[in-house]
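Residue numbers begin at 1 in each chain, while the letters A, B, ... track the order of the sequences.
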Amino acid sequence: MKQLAYHDVGETLYFEKLDNGLSVYLLQKRGYEKTYATFSTRYGSIDNRFKSGDDFVQVPDGIAHFLEHKMFESEHGDVFQEFGKLGASANAFTSFSRTAYLFSATSNIEKNISTLIDFVQDPYFTPESVEKEKGIINQEIKMYQDNPGWRLFFGLIESLYAVNPVRIDIAGTTESIDKITADDLYTCYDAFYHPSNMVLFVVGNIDPEQVLELVKNNQSQKNYSARNPVERDYGQEPRAVSRKRFELELDIKTPKVLIGYKDESLRGEAQLKRELTSELLLHLLFDQTADTYLELYEEGLIDDTFSFDYSSEEEFAFASFGMETAEPDRFITAYEKLLSKRPNFKEAEVVRKRNMMQGKFLRALNSPEYIANQFSRHALAGTNLFDLPHLIASITKADVEQRFDELFVAEQRAVSIVKPRLNG
Amino acid sequence: MSQSFKQWKRDGVTMHLVPTDKFKTTTVLVTFSAPLKRETITSRALLPYIMEKSTAAYPSMKALREPLETLYDAGLYADASKFGEEHVVSFQLDFVRPELVHHETLMEEALELLEQMIFYPDLTEGGFREQFVKQEKRLHEQRIASVYDDKMRYAQQRLLELMAQDEAVSIPSLGTIEYLKEITEASLEDTYQAMVGEDRIDVFVVGNLTEDQLEDVMSFLPKQDEKSAHFIPVRKSVAGTKRLVESQPIKQSKLHLGYRVDVDPSSADSILMQAVNGLFGGFPHSKLFMNVREKESLAYYAASRYAALNGQLYVYAGVEASKAERAEQIIGEQLLALQRGEFTEEELDQTKAMLINARKQILDQPGQLIGWLNGSKMRGLTLDEEIDVIERVTREDIVRLAGKIELDAVYLLRGEE
């Protein structure tokens with residue numbers, strides 16, 4: 001077992017890659033009552049076309065999320081109940097590129113860890129249970145359909161991307177999930193739930209040696225053979241956006257607008273540095289301390305509903321920002337103008353933002369959930385969460401300027417608007 | 001658990017300290033509490049949005065936020081919330097531990113900004129600065145309107161109004177457009193002066209500090225007369241179930257049920273009631289989750305929440321319009337089952353385990369620790385004592401307390417599509 005000490009943040013991480021390919025990370029948090037564990041696979045909604053046997057197969061949209069729901073049903077009943085009996089809360093989520101199963105508990109830690117690993121490694125799907133699940137997932141899809149923020153977000157991604165499956169709703173559609181069969185679920189499970197495609201992260205007041213021993217014993221009793229990574233196909237995404245503008249009428253009172261810029265995504269540490277530099281850039285432009293903030297605020301072009309984000313995974317990356325405003329077009333015009341020319345960033349501002357990002361990261365380390373989720377996200381993408389402090393420290397004014405020029409290009413821009421129905 | 005909690009009075013102000021070095025941060029919360037009133041809530045809800053924009057010494061957002069960024073993302077915010085029959089304006093500061101970033105005076109510099117925000121606001125001759133008041137009034141109007149866009153929140157607000165139109169707990173936490181229109185720069189200053197002059201002040205701190213250090217760094221707080229909390233346990237008897245159905249062009253209907261709970265929030269029974277709520281709809285193994293969501297596939301979500309201070313319990317379900325009636329019927333059956341003692345030992349044990357689990361986890365989050373301290377002060381029990389109460393919950397307790405839950409109102413926001 002490797003022991004990695006990160007003195008600058010006061011944490012020590014233990015790591016081992018097991019014979020079957022599973023990466024196990026353990027972080028001891030002294031004084032914490034809670035233990036939090038995530039078991040994640042590099043498999044999300046965008047992985048809808050991949051090689052199974054000799055050929056590429058196309059599976060129904062929303063299947064990764066559907067599979068996540070179905071994993072909680074074992075041959076012996078409902079897995080939630082098993083955790084409940086152990087005093088733990090279990091949950092799971094599916095993102096574009098990842099599915100994660102997790103629990104948090106303050107007792108029976110070893111039994112909970114075994115339960116987590118065992119249920120994720122024991123698929124059980126029947127045609128009857130698959131049919132029944134469709135009713136529940138349809139309700140979930142409908143709930144998202146009523147969520148103006150979600151519609152706005154997907155309106156933007158569909159506009160930014162022409163080919164990449166990131167443009168498809170994570171839950172799929174009523175029509176796409178209707179096609180899902182138990183066999184499809186097994187096909188996806190076999191492709192993506194092999195230990196070599198997965199990361200186990202446990203954080204809490206644990207004894208790392210003891211937990212590793214437990215996981216090793218557990219895995220040695222299961223017959224996983226070595227496996228090459230699955231080939232995935234995301235298509236060839238053009239540089240330009242698929243459409244410039246999307247509008248949708250909903251039963252709401254205040255319109256919402258979101259502007260996005262499609263970015264090129266790199267691999268590994270280069271992408272992590274790019275992600276952090278982009279975040280710093282967005283903070284420089286849009287925080288309350290920005291030179292332009294007061295002017296925008298007085299014009300009603302920025303307020304507490306304004307938010308920005310840089311989303312980045314291995315296969316896609318984009319920046320977005322937006323807010324609630326009665327006049328979406330005035331907002332769009334103002335920001336097109338603002339971003340048409342690079343402002344003169346000052347050295348002192350960049351230093352201040354680096355301080356801010358360092359502090360933000362340290363604060364986040366209070367949360368076992370943040371550590372486990374973000375570390376796993378990075379590990380599956382081949383990067384290390386604990387590299388953040390030195391990567392943040394390395395960002396220069398020139399890096400930020402270069403980022404501005406690469407990102408804010410008109411051909412890469414799309415806008416999404418949701419607004420009240422005229423007759424409503 | 002070995003976490004210690006300290007509480008004492010300093011010149012009339014109640015200090016609450018959780019000394020610990022397990023976090024990367026120190027968190028400080030100063031609260032100003034006053035009785036909840038329809039006439040003052042809008043102004044008090046708007047005030048924090050203006051106070052966190054600037055201070056006399058830092059007269060712009062940029063001037064105020066720059067030092068916070070330099071101090072490694074120190075957080076400094078004002079907020080307002082309802083707490084039973086009280087209205088609370090709060091100021092929160094948190095900052096990373098100075099030794100982690102090798103900045104020795106970080107705590108003093110951060111607390112100085114908190115003091116400036118609370119006691120040296122950006123006042124001109126006519127009251128608060130016009131520029132901020134005008135903007136924030138406009139934004140607050142949007143905030144009030146946007147409750148309509150969040151269908152779950154809208155349905156809950158409608159349910160509260162249906163249940164208790166004339167009670168303080170049904171006053172919308174953001175206030176109302178009518179009162180908002182009346183607010184001026186000068187009237188807001190009056191609200192501010194009343195708050196600092198008359199409200200009860202509490203200080204909550206989670207971090208690596210001693211009592212003496214805390215008194216020392218908070219010496220800027222004013223002296224005040226002893227003030228006690230205004231808790232008036234409300235209990236209005238239920239005279240038949242009130243019903244309201246409204247329609248909107250949404251895809252998923254929202255069914256909200258409101259119950260009256262005849263339990264004193266300062267009694268240990270209010271902790272036992274959390275076990276009843278847990279069995280009813282508080283957890284994934286609960287009756288609502290198992291029967292409404294899983295067995296009948298009637299809803300995407302179905303859950304309950306116990307609001308001890310309001311003496312109320314709510315059930316929420318997202319359903320298809322055609323299934324609302326059936327869902328309501330099954331929800332009613334689940335409560336009846338609890339009242340008859342129809343639940344297994346296993347369900348009860350699981351509920352206890354989940355409640356204890358949640359209580360222990362409070363110790364891992366500064367914000368939750370402060371929330372618990374604030375919510376538990378009227379009960380006067382320690383976290384360990386609360387856990388002990390939960391461990392000893394019996395079947396008879398559940399049956400007795402489930403009998404104190406009475407259906408008061410049913411609100412359905414029906415989808416038209």
Item to check | From NZ (K254(B)) to CE (M143(A)), nearest 0.5 Å | outcome: 6.5 Å
Checklist outcome for this item: chain B shares the most heavy-atom pairs under 4.5 Å, among K142(A), R354(A), K253(A), K132(A), with K253(A)
Item to check | Within-4.5 Å side-chain heavy-atom neighbours: Q358(A) and V96(B) | outcome: no
Item to check | Side chain proximity check, F132(B) to Y297(A), heavy atoms < 4.5 angstrom | outcome: yes
Next on the checklist: When you compare the side chain of Y293(A) with that of K62(B), does any pair of heavy atoms fall below 4.5 Å?
Outcome noted: no
Checklist outcome for this item: Counting heavy-atom pairs under 4.5 Å with chain B, the top scorer among G135(A), G300(A), G31(A), G84(A) is G84(A)
Checklist entry - Top residue by heavy-atom pair count (under 4.5 Å) with chain B, among L365(A), D291(A), I137(A), I252(A)? => result I252(A)
Item to check | Heavy-atom side-chain contact between P249(B) and R421(A) under 4.5 Å | outcome: yes
Next on the checklist: Check whether N355(A) reaches the backbone of T70(B) with its side chain - one donor and one acceptor, N or O, closer than 3.5 Å.
Outcome noted: yes
Item to check | Distance, nearest 0.5 Å, that separates CG of D349(B) from NZ of K85(A) | outcome: 11.0 Å
Next on the checklist: Out of K353(A), E349(A), E133(A), H283(A), return the one with the most heavy atom pairs under 4.5 angstrom to chain B.
Outcome noted: K353(A)
Item to check | Heavy-atom side-chain proximity of V9(A) to L100(B) below 4.5 angstrom | outcome: no
Checklist outcome for this item: Given Q142(B), R65(B), E69(B), the one with more heavy-atom pairs under 4.5 angstrom with chain A than any other is E69(B)
Next on the checklist: Holding to side-chain contact (heavy atoms from CB on, under 4.5 Å), I want the full list of residues that pass it with T305(A), two or more places apart in sequence or in another chain.
Outcome noted: D303(A), M323(A), E324(A)
Next on the checklist: Within the supplied structure, the quantity of interest is the number of heavy atoms (other residues, nucleotides, ligands) at a distance under 6.0 Å from E246(B) CD; does it exceed 12?
Outcome noted: yes
Next on the checklist: So D251(A) and K151(B), do their side chains get closer than 4.5 Å, heavy atoms only?
Outcome noted: yes
Checklist entry - Within the distance-only criterion (no hydrogens, no angle test), does the side chain of N366(A) pair as donor or acceptor with the backbone N or O of K24(B) below 3.5 angstrom? => result yes
Item to check | Distance-only donor-acceptor check, side chains N357(B) and T106(A), under 3.5 Å | outcome: yes
Next on the checklist: Please report the interatomic distance CD(Q81(A)) to NE2(H285(B)), rounded to the nearest 0.5 Å.
Outcome noted: 7.5 Å
Checklist entry - In terms of side-chain heavy atoms, does E298(A) have a donor or acceptor partner in Q131(B) at a distance below 3.5 Å? => result yes
Next on the checklist: Once you measure the plane-to-plane angle for F23(B) and Y32(A), does it fall in the parallel (<30°), tilted (30-60°) or perpendicular (>60°) bin?
Outcome noted: perpendicular
Checklist entry - So do R30(A) and K22(B) actually touch side chain to side chain, heavy atoms under 4.5 Å? => result no
Checklist entry - Just wondering, are more than 12 heavy atoms of other shown residues or ligands nearer than 6.0 Å to CD in E131(A)? => result yes
Checklist entry - Between Q139(A) and E320(B), does any side-chain donor sit less than 3.5 Å from a side-chain acceptor? => result yes
Next on the checklist: As a quick check of understanding, evaluate salt bridge (Lys or Arg N to Asp or Glu O under 4.0 Å) for D149(B) and K256(A), giving each step before the final call.
Outcome noted: CA-CA 11 Å; D149(B) 295 350; K256(A) 294 177 200 288; 5.1 Å; no
Next on the checklist: I'd like to know if K29(A) and D364(B) make a salt bridge, using a cut-off of under 4.0 Å between side-chain N and carboxylate O.
Outcome noted: no
Item to check | Validation row: D94(B), R363(A) side chains within 4.5 angstrom (heavy atoms) | outcome: yes
Checklist entry - Taking every heavy-atom pair that is under 4.5 Å apart, which of Q365(B), Q361(B), K53(B), M290(B) has the most such pairs with chain A? => result Q361(B)
Next on the checklist: Tell me whether D146(A) is salt-bridged to K251(B), with the criterion being a basic N under 4.0 Å from an acidic carboxylate O.
Outcome noted: no
